[in-house]
Every structure is written in C-alpha cells, then in structure tokens.
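What follows is one structure encoded as structure tokens, with my remarks underneath.
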Amino acid sequence: MAQRIVIDPVTRIEGHAKISIYLDDEGMVQRANLHIGQVRGFEKLCEGRPFYEMPSLMARICGICPVSHLMASAKACDALMGVRIPEPGANLRRIMNLAQIVQSHALSFFHLSSPDLLLGMDADPAERNIFGVIKSNPKLAKDGIKLRQIGQQVIESLGGKRIHPSWVVPGGVNEPLSAEQRERLLALIPDGVDIILRTLAWFKRSLDNYKAEIRTFGNFPSLFMGMVSASGGLGYYGDGWLRIVDGTGNIVADHVDPTTYPDFIGEAVEPWTYLKFPYYKPVGYPEGIYRVGPLARLNLVNHAGTPLADQELAEFRLLERGAVLSSFHYHYARLIEILFSLEKMEQLLHHKDILSKHVRAFASPNNEEGIGVSEAPRGTLIHHYRIDDQGRIIWANLIIATGHNNLAMNRAISQVARHFVSGNQIQEGMLNRVEAVVRAYDPCLSCSTHALGQMPLRVELVSPAGEVIDEAKRG
Amino acid sequence: MARVLVIGYGNPVRADDGVGPYLAQALQKERPDCRFLTPHQLTPELAEDLARADVAIFIDAEWEGTPGEVKSYEVTPAPKREAASFSHQMDPELLVTTAEILYGRAPAAFVVSVTGGDFGFTDGFSPEVERAIPELMQRAFEIIDRASQPLV
C-alpha cells in the first residue's frame, strides 16, 4: 500500500514548513514535497501606501533579513524617482548590506546548522542542538554570537537600531557617516576576520566526515543565477548585472539587466504549497530549475574581489571541475561570503569619500514603475512596484530569494529521502537528514510573527485512506 | 540599583504581535533608568545582553489561552532542556540558559505576556489586548520596582 511520511514542522529554519515523503507499494520513495503553509500577504498590504513608506514597510517582512528588503525596496523607489543616488550614499548602503550578509550567514551556520555539523547527523537529538554545541565547543558557539554581533553592531551604528533601521530611504541614506563611527566600525572587523578564518579551517578539516551527505544533499546539475559586480566579482548591492551558469560552470546568460526579469523568469504554482516555483523561462517548467544564494554566487563569479576571500574561493573551486553542485556546500560558501563581506566592509570604510555629507538625492516620482534588485543572504531579491499619479502603490510583486530555490529544495529533499529512507519506518537519522538538506538552503519562510510556545516536530505515516499508521514527535 | 533589561519583542505590523515593542516604548518613558530593547524576535546574541543584566523582563504576545489573558512568571535556566528548535523560535528560557552556559551568569528573568486575539496585517491591537495594556504595564512596573529596592 502506498504511504506518505509527513514531517511537520521542519525545525531550525526561519518560518514553518512541512515535508511529505510519498512511498510506493514497496516502500521506496516516489517523491517528496516541501509544503509552505503560510500566506505572506505583503504585496496586498502595501497597496495604497505612499511609495516612500515602502522601504520601512517592506523591512517588516522579516526579522532576520529586514536589511535585504530595505535595499531592494529602496532601489525600487530610487527607480520610481528616477534618481541616481550619490556614490557615498550607495557605499553606505553597501556596507549595511554586507553587515546583513555577515549576521544572517552567521545565524545560519553557527546556530542553525552547527549542531548537525559538529555533533553529527546521527547524534542523539537530545544532544544535537545548540546546547550540545555549547557544551562540546563553547568557543564555536561564542564565535557565532560574536559574528552576529559584529554584523548587528554595524547595522545598528548606521541605522540607529538593529532591527528595521529607517536610515535607508528612497534616494540614498538619511545621515552621513561620522569619523568616530567609522573608527568604531573598523575596530570590529579584525575580530570577525579571525573568527571566520578559524571557522573555515575547522570546517574544511571536517568535510571528510560528511562524504555521504555531500554526495546526496541536493547534488545534481542545475542552473545557478546571481548578480555579479561590474568587474564580475561578488556584488550584493546589485549594481552590476545578472549572470546564469549551468552545472558545468559554463555561462548561459550574461550581462542580463535584472529589471527585465519577467522576460526570463516564470513563476509556476502548485496546489500543495503557497510558495511559488520560479523557473528559467527559456528552458521551461520544471526543467528550468536554478539555484541562487551563496553556492550559486560562488559558482558564477570570476573572482570574489578581496584578497583572503579570493584565496578561499580558489580552494573552494578545487572541489569539482565545473560548478560545485552539492547543496551541502552552501555551508562552505556561506563562510567564504562572510569573509568577503568583512574584507569588503573594511575596503569601503577606507574609501576616500565615505565621510561625504552628500548621501541622498531628492526627487518626486518621475516613473510609474520601479524595480529594485539586490543579493540577499539567500539569493537574488526582486522588488517591483507600480504607482499612481499621487505616488501611491497600486501594484507590487516581490520575488524572494527562498522562492528561487523552491524547485531545487524539493528535488534535494527527494534525493536525500531516496538515499536515507528505507521501508516505512520513521528513523531519526533519516528525519534529520531530510531537515538538514532544507536547512542547507537556509530558507526564510518567516511568518513575520511569532509568539511564545513552540510547535513540536511531528512525523506521521499516513495511508492513502488518511489513516495515521505511525507517528513520532520531538521538540 | 539593579541593572534591569526590558525586551519587548514582536512585529508592530502584525496586530497584537506588536504589543511587546509598544509596551517597552511606553515603559521607557516612565523608567529611563532601565535598558530597553525592541527586537522583532529573540535572537542568540541577546544572550550576551542578558548576561550583563541583573533582572530581565520579556514582554510578548502569546498564541495560547483566551485573548486578553495576562500572565507573568519567572523563567530560569534549563540546561537539560531539549532545544531542537533554535532559530526565530528562540524563547526566554533558551536565551537565559544560553547566557548561563556561555557567559556564566543569567539574570532573574520574567515573562509578562498577553494572549493575542489578532495576528493579522495591521498596526492596531485587538480590543482584548487593548484592554489588557494597563494590567501588563502594572505587572512590568511591579517587577521593576522589586528589582529597584535595596537589598536588606
């Protein structure tokens, strides 16, 4: 009898998700689906609001990546105004965006995924959590907190507060950087670089422990998409262009204007999830699967763009001859991106014009439509707005980084399930690997709300008739 | 004077979920001698903030219970607790435990909460939570006042 295994919710990701694993009559995995049962609703919420409110409103989408939404939203508003913002203002935005990469990647690696990586996928779940990490490697746990703090302190210093800073505005930023601020921020960076270099060294040493996971965690050819800087390096602020490479590392499309995204990105809908399935139109759905985020970015750039990160990228690329295909290596890529972000922040803070008072352009709306694109920690983020003649939002479309990876996450879960699920018994090791492959993508399904109390992890074996024939709980 | 840290957390555009930041800001006007944070959610680095406080108050909206129901209770470190979920679902107990283990000290910590009735997309509060605000303020003041009394 065909059966379905349900994992609900998936833990240690941002937001709530459920996984169904469909077995055939022989107990072999047919397919797996990642269900996102939340409606975000922000696109409707903003209709009728003045366009200049959008950055601060859109930042409320998420408590982990508000800065990313600030950036894409502010850039869409810049486009509505038809202004080119002063370069010092753009550089200050870049610094905040880099700090966002640091704090978000640190959360993903040190606090969400390190229990799996440090303690092992088969460790007792009572120990395989952050307390287990704290006990077995308190230095690593403190390093994670310190890196988060560095990112948050930069954001707080620039924006006035850690979460939802209102400093990024249409046309630039509200306040210039002071010399004292610059010195304080520069003083943070050496500690961060030390932490990430020793973490990279530890992670690379431990890779041999994860040969099976590297082989099976979403290890398949796909397209990779992301923004590159004008020099072809890492460029999260998104003032370069989009590049798409295939699984062999060959460039499929280059110098793509990201504001033309409707020409090459389609969005498919499936009845079992609220999260849409973006795909590369020239290839079609679902074959037009592509991945975004740290792994994709490292696969498609010519170079990182800073000295230490370039060294690490060169070593990373020795993993495979073409593009690095295993989604397990999102973790590795995240660490290299933290290193790059810290180095790049330091470079920008030393820029000769960084203390300039000229950080904002002023204008009324000059265009009815504006698109802002940037690279969020999880990948390419697109904000697209239309306004009426009073400057009020009449339509908005957001393509969130996690959405781009939806097809890839579903395929990755199927691959892991096929490898680790055997028969119809719910096994802890299988469950954790299925969850861990989702965590590798660091999906942000953030519900933009929270409350006291936690949902336990619930796993059910359900017959086609709807009968629960096996059940497991934890958390 | 004890070092009091008030963390009012939640999303101000998700109706009752925003009651934590709202109350923290209201309390700040009355008690500028305390330290106030108004994050969207509880995140790991707050453990260090907690380790530097003597008393901590977490103000939040709950899902469970009857809308408008006010609760206040103490939370203590629980190092043996299973903490499978460690992300945006961090809670006060996890945070004080993290502070205790990583930094060797945790404050006396209390939760002051109200059960929300509306977590939709709006910046107002449900009538039940609106009516509960004076009692929430009172309970937070009581904890702050107790912390402010000299030791005898």
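Basis for what follows: all heavy atoms, side chains included, without hydrogens, waters or symmetry-related copies. To find a chain, count down the sequence lines: A is the first, B the second, and so on, and within it residues start at 1.
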Y52(A) atom OH, neighbour heavy-atom count above 12 within 6.0 Å: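 Not buried by this count: 12 neighbours or fewer within 6.0 Å.
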Y22(B) atom OH: more than 12 heavy-atom contacts under 6.0 Å: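 Counting other residues, nucleotides and ligands, OH of Y22(B) stays at 12 neighbours or fewer.
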Q149(A) side, atom CD; T43(B) side, atom OG1 - distance, nearest 0.5 Å: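 Here the interatomic distance stands at 10.0 Å.
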Identified side-chain hydrogen bond (donor to acceptor under 3.5 Å, both in side chains) counterpart of E45(B) within the set Q153(A), Q103(A), R148(A):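 Result for side-chain hydrogen bond (donor to acceptor under 3.5 Å, both in side chains) with E45(B): R148(A).
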Atom of I145(A), atom of P44(B) and distance for their closest heavy-atom approach: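 Closest approach of I145(A) to P44(B): CD1-O, 3.7 Å.
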Which atom of L102(B) lies closest to which atom of A141(A), heavy atoms considered: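 What the structure gives for the nearest pair is CD2-CB, 4.0 Å.
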